[in-house]
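Below, read A as the first sequence line, B as the second, and so on, with proteins coming before strands; counting in each chain starts at 1. Computation of the quantities below employed the complete heavy-atom set of this structure, encompassing side-chain atoms and omitting hydrogens, waters and symmetry-equivalent molecules.
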Number of protein chains: 2
Amino acid sequence: MAYAADRFADNGYHPTSVAEIVEGLGVGKGVFYWYFDSKEELLRAILADGQLDLRRRQRAAIAGAEGPMERIERGIRASIEWSLEQRVFFRLFQFAATDDRFADNLRKGEQVAVRDAAKHVADAMAAGEIPDRDPVLLAHAMLGVTTHLVQLDHRGLMKATPEAIDSCVAFCLGGISRV
Amino acid sequence: MAYAADRFADNGYHPTSVAEIVEGLGVGKGVFYWYFDSKEELLRAILADGQLDLRRRQRAAIAGAEGPMERIERGIRASIEWSLEQRVFFRLFQFAATDDRFADNLRKGEQVAVRDAAKHVADAMAAGEIPDRDPVLLAHAMLGVTTHLVQLDHRGLMKATPEAIDSCVAFCLGGISRV
DNA sequence: CGGGTACTTGACCGATTGGTCAAGTCCCCG
DNA sequence: CGGGGACTTGACCAATCGGTCAAGTACCCG
């Protein structure tokens with residue numbers, strides 16, 4: 001799965017053949033179809049693995065935070081850091097979002113993360129720390145900002161320096177704060 | 001090109017064969033290769049068309065605005081509206097960004113739009129309307145928010161109502177305003 | 001009307017695709 | 001030691017891929 005994920009991320013899912021994967025691994029084709037029903041199922045399994053890992057990281061980052069705003073900031077930072085480290089997973093997520101065959105596999109995981117973030121946004125609103133607006137929408141907006149920053153880094157168009165990450169976080173917090 | 005763009009957007013670029021395109025159009029394969037060198041060149045031409053159209057819309061929206069902040073807001077709204085209308089182009093942009101063969105074709109157009117937005121952000125800073133920070137990064141952040149909102153609409157996960165668009169704009173303006 | 005250019009056709013090409021399967025090999029358990 | 005499930009192999013399959021090209025057809029100009 002790790003090797004296939006690498007190839008998918010570098011070459012693209014469709015242009016990477018099953019033959020290429022098993023050849024690179026030095027195994028027969030039968031091995032592949034013993035463990036996976038199809039090439040599609042392989043990618044789905046990889047995506048599920050990645051989402052689980054990201055979710056773990058987010059939960060760990062949020063644990064121990066005191067107020068809702070701190071939870072939001074930590075969640076943002078954890079997501080950015082994970083995405084920067086896990087280039088392969090991130091690229092596969094990006095691809096999967098563009099393909100109807102896989103978009104549904106992303107949806108559930110994304111919704112869980114967004115709803116979680118939205119909960120903290122709603123908490124901050126209840127505490128009067130930020131003005132009332134649709135928490136789910138704001139959570140998505142923050143997700144959009146962070147995703148785009150990471151994408152820039154991976155595409156080599158801009159380095160995600162600590163300062164850039166700070167600016168990104170500030171943008172998100174400013175975005176939910178302003179009336 | 002329009003038919004091919006539709007097919008690419010619905011089915012994906014790779015899964016859509018040249019044979020399927022010419023068959024759907026009711027023409028011979030030779031016609032295709034008379035006008036295009038390859039399937040890749042076709043997508044590149046489609047992407048170029050889309051970028052040109054988007055750029056025109058952005059320029060038209062900004063023209064006539066008075067201050068830098070108004071220019072920014074109009075640019076955001078124009079980008080969102082165009083992306084919502086031009087579902088096909090937007091999906092192809094999203095795909096192209098995930099494929100190294102086509103990512104470069106997007107880069108130039110994206111940079112032009114971002115630099116333009118960054119200029120207005122810098123103007124607003126010079127006028128003291130918003131605090132000083134990297135204008136290019138902020139422009140990218142706004143692009144990330146709007147892109148994500150449109151993506152949600154196209155994937156059917158959230159309707160981009162006028163209110164949602166307003167919230168999105170407010171998020172962006174808040175993001176660049178807060179210290 | 002004759003000839004040439006612009007365009008169109010679809011059979012055809014070698015390569016490659018995702019997937020199958022008969023024939024093993026390996027190793028654990030009785 | 002013998003048998004049986006777990007696992008592996010790679011030749012093989014029909015289908016399809018992007019792309020080519022000889023053989024037209026349509027139409028304009030002299």
- Message: On DNA chain D, compare the nucleotides closest to Lys39(B) and Gly30(B); which residue's is nearer the 5' end?
- Response: Lys39(B)

- So CD of Glu129(A) and CE of Met125(A): to nearest 0.5 Å the spacing works out to 11.5 Å

- Message: Membership question, hydrophobic clusters at under 4.5 Å side-chain separation (ILVMFWY): are Leu92(B) and Ile21(B) in the same one?
- Response: yes

- Could you check whether the rings of Phe36(B) and Phe32(B) sit parallel, tilted or perpendicular, using 30° and 60° as the cut-offs? tilted

- Keeping the roles fixed (side chain from Arg71(B), backbone from Ala65(B)), state whether a donor-acceptor pair exists under 3.5 Å. yes

Taking atom [atom2] of [N] as reference, at what distance in whole Å does atom [atom1] of [X] sit?
X: Tyr33(B); N: dG10(C); atom1: OH; atom2: P; value: 16 Å
X: Arg7(A); N: dT17(C); atom1: CZ; atom2: C1'; value: 17 Å
X: Arg101(B); N: dG18(D); atom1: CZ; atom2: P; value: 13 Å
X: Trp34(A); N: dT20(C); atom1: CH2; atom2: P; value: 14 Å
X: Tyr13(B); N: dC17(D); atom1: OH; atom2: P; value: 13 Å
X: Phe32(B); N: dC21(D); atom1: CZ; atom2: P; value: 17 Å

- Task: Report yes or no: is the cationic atom of Lys39(B) (NZ for Lys, CZ for Arg) under 6.0 Å from the centre of the six-membered ring of Tyr13(B), at an angle within 45° of the ring normal?
- Result: yes

- Query: Any side-chain heavy atom of Glu110(A) sitting closer than 4.5 Å to one from Leu143(A)?
  - Reply: yes

Which of the following nucleotides, [options], is nearest to the side chain of [X]?
X: Ser38(B); options: dG18(C), dG19(D), dC7(C); result: dG19(D)
X: Ser17(B); options: dC17(D), dT8(D), dT20(C); result: dC17(D)
X: Ala19(B); options: dC17(D), dT17(C), dC7(D); result: dC17(D)
X: Tyr35(B); options: dT8(C), dG19(C), dT8(D); result: dT8(C)

- Would you jot down, in residue-number order, the residues of residues 40-50 of chain A having a non-hydrogen atom under 4.0 Å from DNA chain D? none

- Chi angles and distances behind the side chain to side chain contact (heavy atoms under 4.5 Å, CB included) call for Thr147(B), Ser83(B): CA-CA 8 Å; Thr147(B) 297; Ser83(B) 301; over 6 Å; no

- Task: Map Asp37(A) and Pro15(A) onto DNA chain C by nearest heavy atom, then report which one ends up closer to the 5' terminus.
- Result: Pro15(A)

- Using the side chain to side chain contact (heavy atoms under 4.5 Å, CB included) rule, take His14(B) and Asp99(B) through it: C-alpha gap first, then chi angles, then the decisive distance, then the call. CA-CA 11 Å; His14(B) 290 295; Asp99(B) 193 311; 3.3 Å; yes

- Phe36(A) near the nucleic acid: base, sugar-phosphate alone, or nothing, with a heavy-atom cut-off under 4.0 Å? nothing

- Under 4.0 angstrom, heavy atoms only, what part of the nucleic acid is Val18(A) near: base, sugar-phosphate, or nothing? sugar-phosphate

- Output the residues of residues 21-29 of chain B in contact with DNA chain C, where contact means a heavy atom of the residue under 4.0 Å from an atom of the strand; sort by number or write none. Val27(B), Gly28(B), Lys29(B)

- Task: Of all the heavy-atom pairs spanning Leu137(A) and Met158(B), show the shortest one and how long it is.
- Result: CD1-SD, 3.5 Å

